[in-house]
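In what follows, a single structure is set out as structure tokens and then discussed.
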Amino acid sequence: MLDKNGIAKRIAKELQDGYYVNLGIGIPTLVANYIPKGINVVLQSENGLLGMGPFPHDDEVDADLINAGKQTVTTIAGSSFFDSATSFAMIRGEHVQLTVLGAMEVSENGDIANWKIPGKMVKGMGGAMDLVASAKNIIVAMQHVNKAGESKLLPKCSLPLTGVGCVKKIVTELGVFDVLPEGGFKLLERAPGVSIEQIKNSTAGKLVVEGEVPEMVV
Amino acid sequence: MNKTIKNATEAIKDIESGTTLMLGGFGLCGIPENCIAALVAKGISNLTCISNNAGVDDFGLGLLLKGHQIKKMISSYVGENAEFERQLLSGELEVDLIPQGTLAERLRAGGAGIPAFFTPAGYGTEVAEGKEVREFDGKKYILESWLKADFAIVKAWKGDTMGNLIFKATARNFNPMMAMAGKITIAEVEHLVPAGELDPDQIHTPGIFVQRIFEGVNYEKRIEQRTITPRA
């Protein structure tokens, strides 16, 4: 089974040289720590920064330089700043190649819910709806089950949707899944030490298992 | 032409209870601290505030929320503020949540004279309820309309007496579009210089979008999440 860093590390293997990437808050942010050697990617932060660098040293902290999670960050050689309309032009205009974000639920046809729990939590969608409606490639990084132990890979989302038919791939602590165009979660890789049986038991949506499913190399 | 005024109190002198206001900033980054303090001091209420976020409990727009001065918020993300969530769940406060890119584009449209546009964001979700859907090149889009307001309050790093503005780093965010979308745009800046001192090639917001400008004082620039890399 993978921990949060393991999930991030596995997703980092999906990065390709020259990609512009938007990483959401939580596990997705950790992907930046595992960018493979020889792969150059530029991180887009939707509050208005292209070329996001690591957290600053204590004496370099600048209140005017933050990421979309409101954390203090730095620039890199070649960074640029822009306003929010330009930022979402990059996103909706499909100039960003990959979006990685978290989810509360994903359905077997690629719908995603991650912004609202009616009556309980109303924080808002932020940029998530724009990102999922536009990105060419969307990978969801999340735990396979919720705190109550219920599967987050469902036949149909029960929570208010963030976007429809948009998720292409899911990486959880149990494995890697493709969302099939005809519907269903195709198991591509098992996490180390995880059996297909275990994955079946934790997946409420349609799980597609074909042939030998390799254990992932992280 | 000189758009300089004395201070925040003078800048907001004709903002009354019940007004719709735009306020720049993302989180606490690039927010008009001086004007928010002046609005708190003036004690007006029933405000509709268009702002990406709602501040934190004791800073930014949180200060106006604490005094129950806001009737309605139009935002994309309002986490980080417990008082906001309390007022919302108890029905004291109305909120209209809008996808961040849609909010930015609605503001831009308002300032640019474009009444409406189609966007993919929110299609198939509750955001799309009651909105026209149209298909372009096989993909579905929803119709969103422009946003305008009587007043926009923005914060810039540098400005000149003609209202030209330069922002710093990610403090730019929603400020340029709001400056365009306000009937009266108030700009508070950290450094106010005479016209001619700013390089015309470096100006982010041309002065035509700004009606009042002043140099702010005592900026706190509070940081929400101070994340650092320890020195080896």
Side-chain angles (χ1 to χ4, degrees), chain A residues 45-49 52-75 79 81-92 111 113 115-116 118-134 160-166, chain B residues 26-30 52-54 75-80 84-85 88-89 95 97-105 107-109 119-127 139-141 157 167-177 204-205 219-231:
Chain A
S45 191
E46 67 268 24
N47 57 316
L49 166 60
M52 179 168 54
F55 295 150
H57 293 302
D58 199 38
D59 53 358
E60 297 164 348
V61 168
D62 180 353
D64 289 328
L65 181 42
I66 63 169
N67 64 16
K70 284 112 183 172
Q71 298 171 312
T72 48
V73 292
T74 53
T75 53
S79 287
F81 297 118
F82 36 84
D83 63 58
S84 303
T86 306
S87 180
F88 283 90
M90 293 174 190
I91 290 164
R92 284 190 308 262
D111 295 352
W115 74 281
K116 186 180 185 183
K120 272 190 191 162
M121 182 205 86
V122 199
K123 292 188 187 299
M125 65 293 278
M129 285 194 181
D130 307 271
L131 282 159
V132 301
S134 314
L161 296 179
T162 308
V164 294
C166 50
Chain B
F26 180 95
L28 301 178
C29 183
N52 188 56
N53 310 92
S75 306
S76 87
Y77 187 81
V78 292
E80 340 292 356
F84 182 98
E85 212 159 0
L88 180 63
L89 292 171
V95 67
L97 291 168
I98 299 175
Q100 198 175 325
T102 299
L103 178 60
E105 195 63 16
L107 292 164
R108 203 196 69 79
T119 176
Y123 169 73
T125 75
E126 63 185 57
V127 164
K139 188 172 166 171
K140 300 269 187 23
Y141 297 80
W157 176 49
F167 302 94
K168 191 172 151 246
T170 55
R172 192 181 320 182
N173 54 65
F174 283 85
N175 284 297
M177 285 82 65
H204 298 129
T205 291
Y219 282 102
E220 178 179 336
K221 293 199 183 183
R222 196 183 292 187
I223 292 171
E224 266 180 81
Q225 311 253 3
R226 189 187 178 91
T227 44
I228 58 164
T229 302
R231 285 206 186 269

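Here is how names work: the chains are called A, B, and so on, in the same order as the sequence lines, proteins then strands, and each is numbered from 1. Because the structure is a prediction, the values reported are computed rather than measured.
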Interchain contact, [X] with chain A, by part (heavy-atom threshold 4.5 Å):
| X | result |
| --- | --- |
| B:Lys140 | neither |
| B:Leu28 | neither |
| B:Pro230 | backbone |
| B:Glu224 | both |
| B:Val127 | side chain |
| B:Asn52 | neither |
| B:Arg108 | side chain |

Fill in: Closest non-hydrogen atom pair between B:Arg231 and A:Glu60, with its separation
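That closest heavy-atom pairing would be NH2-OE2, 4.0 Å.
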
Discussion item. If you compare all heavy atoms of B:Thr102 against all heavy atoms of A:Asp130, which two are closest, and at what distance to 0.1 Å?
Written reply: N-OD1, 3.3 Å

Worksheet entry | Salt bridge flag under 4.0 Å for residues A:Asp64 and B:Lys221 | yes

Fill in: Charged tip of A:Lys70 within 45° of B:Phe26 ring normal and under 6.0 Å
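Checked: cation-pi criterion met.
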
Worksheet item: For A:Thr162, is it the side chain, the backbone, both or neither that has a heavy atom under 4.5 Å from a heavy atom of chain B?
Response: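 Contact with chain B is through the backbone of A:Thr162 alone.
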
Worksheet entry | A:Leu65, part contacting chain B, at a heavy-atom distance under 4.5 Å | both

Go through [options] and name the one with the most non-hydrogen pairs under 4.5 angstrom from chain B.
| options | value |
| --- | --- |
| A:Leu49, A:Asp111, A:Val61 | A:Val61 |
| A:Thr74, A:Thr75, A:Asp62, A:Asp58 | A:Asp58 |
| A:Ser134, A:Gly126, A:Ala63, A:Gly119 | A:Gly126 |
| A:Ile66, A:Val132, A:Val164 | A:Ile66 |
| A:Gly124, A:Gly69, A:Pro56, A:Gly48 | A:Pro56 |

Any non-hydrogen side-chain atom of [X] less than 4.5 Å from a side-chain atom of [Y]?
| X | Y | answer |
| --- | --- | --- |
| B:Gln225 | A:Thr72 | no |
| B:Leu103 | A:Phe88 | no |
| A:Lys123 | B:Glu85 | yes |
| B:Tyr123 | A:Met129 | no |
| B:Phe174 | B:Leu107 | yes |

Below 4.5 Å, heavy-atom pairs only: which of [options] has the largest tally toward chain A?
| options | result |
| --- | --- |
| B:Ile228, B:Leu97, B:Leu89 | B:Ile228 |
| B:Ala54, B:Pro120, B:Gly124 | B:Pro120 |
| B:Ala169, B:Ala121, B:Pro176 | B:Ala169 |
| B:His204, B:Lys139, B:Lys168 | B:Lys168 |
| B:Gly27, B:Gly30, B:Pro99, B:Ala171 | B:Pro99 |

Worksheet item: Do side-chain atoms of B:Thr125 reach the backbone of B:Gly122 as a donor and acceptor pair under 3.5 angstrom?
Response: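 Yes; at least one donor-acceptor contact below 3.5 Å.
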
Worksheet item: Do the side chain of A:Asp83 and the main chain of B:Asn175 share a donor and acceptor less than 3.5 angstrom apart?
Response: no

Worksheet item: Should A:Met125 and A:Lys116 be marked as a side-chain contact (heavy atoms from CB on, under 4.5 Å) after you check the CA-CA gap, both sets of side-chain angles, and the distance that decides it?
Response: CA-CA 8 Å; A:Met125 65 293 278; A:Lys116 186 180 185 183; over 6 Å; no

